[in-house]
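First comes the structure, then the notes that go with it.
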There are 2 protein chains.
Amino acid sequence: MTGDDELAVAGTLLAADILDRTCTSRAIMDQVTTRWGTLIIAALIKGPHRFSQLHARVDGISQKMLSHNLKTLVRAGLVNRDVEPTVPPQVTYSLTPMGVSLATPLTQLIHWFGQNASGILEAQAGHDRQAGELSAARH
Amino acid sequence: MTGDDELAVAGTLLAADILDRTCTSRAIMDQVTTRWGTLIIAALIKGPHRFSQLHARVDGISQKMLSHNLKTLVRAGLVNRDVEPTVPPQVTYSLTPMGVSLATPLTQLIHWFGQNASGILEAQAGHDRQAGELSAARH
DNA sequence: CCAGCTAGCTCACCTTTAGTAAGTAGCTTT
DNA sequence: AAAGCTACTTACTAAAGGTGAGCTAGCTGG
């Protein structure tokens, strides 16, 4: 098993103070890796999108939350906001170079969940089954 | 600039349906990568911890949220919960093999934020300065 | 000339989730 | 008998998020 090796590598990479509440990188991570923030960036990996395209692509997001999260990402310098002064105006969002560099680790994380979703589902089912047996045994 | 290359690599790795609201991996990612879930796993990378140790280590978390998130992670099969029936009882939490494999991409993401926190802080400051100038110009 | 259409938001209202503080169990030490 | 320890719950409150309606501004069809 290579588990311990991976753990050691991960440990050395880990920023020492991410667990400290006053750490700036933790505050920024909280702002960016929200429920919708990661999905918006994931959608923009495929290329620039307009507001309504993102609204359709990021399934389930409300316009309010899309607008709010885009503002945060633009302010953080991860996303560009380009307005074409046509009528009605066309607003296009795209990743900045910094946003692109974030896309790599973020995509690996998403990829991990794609690979391990079924494993987690099984673990959850097993856990629930065991809990059910225990509560049944108590009666 | 290698931005486009990174983007292409990221695009191919990206699970096709993470943006779909019915996708199971998205539901699971929502459960695990919460504000505290990532930090708890990050803390456990360094080795097993007891409840009170985690409470001290993950700065700012309440006992309620620690308990709740640990339950979720245990149910997902990412964290082990071992009870020593001493008095008072000692409960030790540690990463499962699946938890260890998640630690790798998660650590890379945390590492990215460690590297780019200052860049984002600058971008935010620049963005706010520009907004201030614009609103000043309007008067 | 003016109602209607469009994209990209913004606002008011309500529900769900997270945070705070206090309480609980069972046993030990003082 | 009183206080403390660990690992939690529970009740209450604050913040985040969801829903649906409305707004802007100019162009187009009637």
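Numbered from 1 within each chain, the chains take letters A, B, ... in sequence-line order.
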Under 4.0 Å between a side-chain N or O of [X] and OP1 or OP2 of [N]?
| X | N | result |
| --- | --- | --- |
| A:Y93 | C:dA7 | no |
| A:S67 | C:dT10 | yes |
| A:R50 | C:dG8 | yes |
| A:S52 | C:dG8 | yes |

Name each donor-acceptor pair under 3.5 Å that joins a side chain in residues 113-126 of chain A to protein atoms two or more places apart or in another chain, with its distance.
unit_1, atom_1, unit_2, atom_2, d
A:N116, OD1, A:W112, NE1, 3.3
A:Q124, NE2, B:Q31, OE1, 3.0

On DNA chain C, check which nucleotide each of A:P89 and A:R21 is closest to and give me the residue with the more 5' one.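 Mapping each residue to its closest nucleotide by heavy atoms, the 5'-most match is A:P89.
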From NE2 (B:H127) to NZ (A:K71), nearest 0.5 Å: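 Reported value, rounded in 0.5 Å steps: 9.5 Å.
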Would a distance-only check, ignoring hydrogens and angles, find a side-chain to backbone donor-acceptor pair under 3.5 Å from A:Q108 to A:P105?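 No; zero donor-acceptor contacts below 3.5 Å.
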For the backbone of A:L19 and the side chain of A:R26, can you confirm whether one donor and one acceptor N or O come within less than 3.5 Å of each other?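 Looks like yes, one N/O pair under 3.5 Å.
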Over 12 foreign heavy atoms within 6.0 Å of CD, B:E84: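 For B:E84, atom CD is not crowded (no more than 12 foreign heavy atoms under 6.0 Å).
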Just so I know, are the side chains of A:W36 and A:M65 near enough to count as touching, which here means a heavy-atom distance under 4.5 Å? yes
So which protein nitrogen or oxygen atoms get under 3.5 Å of nucleotides 17-22 of chain D's nitrogens or oxygens?
unit_1, atom_1, unit_2, atom_2, d
D:dG18, OP1, A:R35, NH1, 2.9
D:dG18, OP1, A:W36, NE1, 3.4
D:dG18, OP2, A:W36, NE1, 3.2
D:dG18, N7, A:K64, NZ, 3.1
D:dG18, O6, A:K64, NZ, 2.3

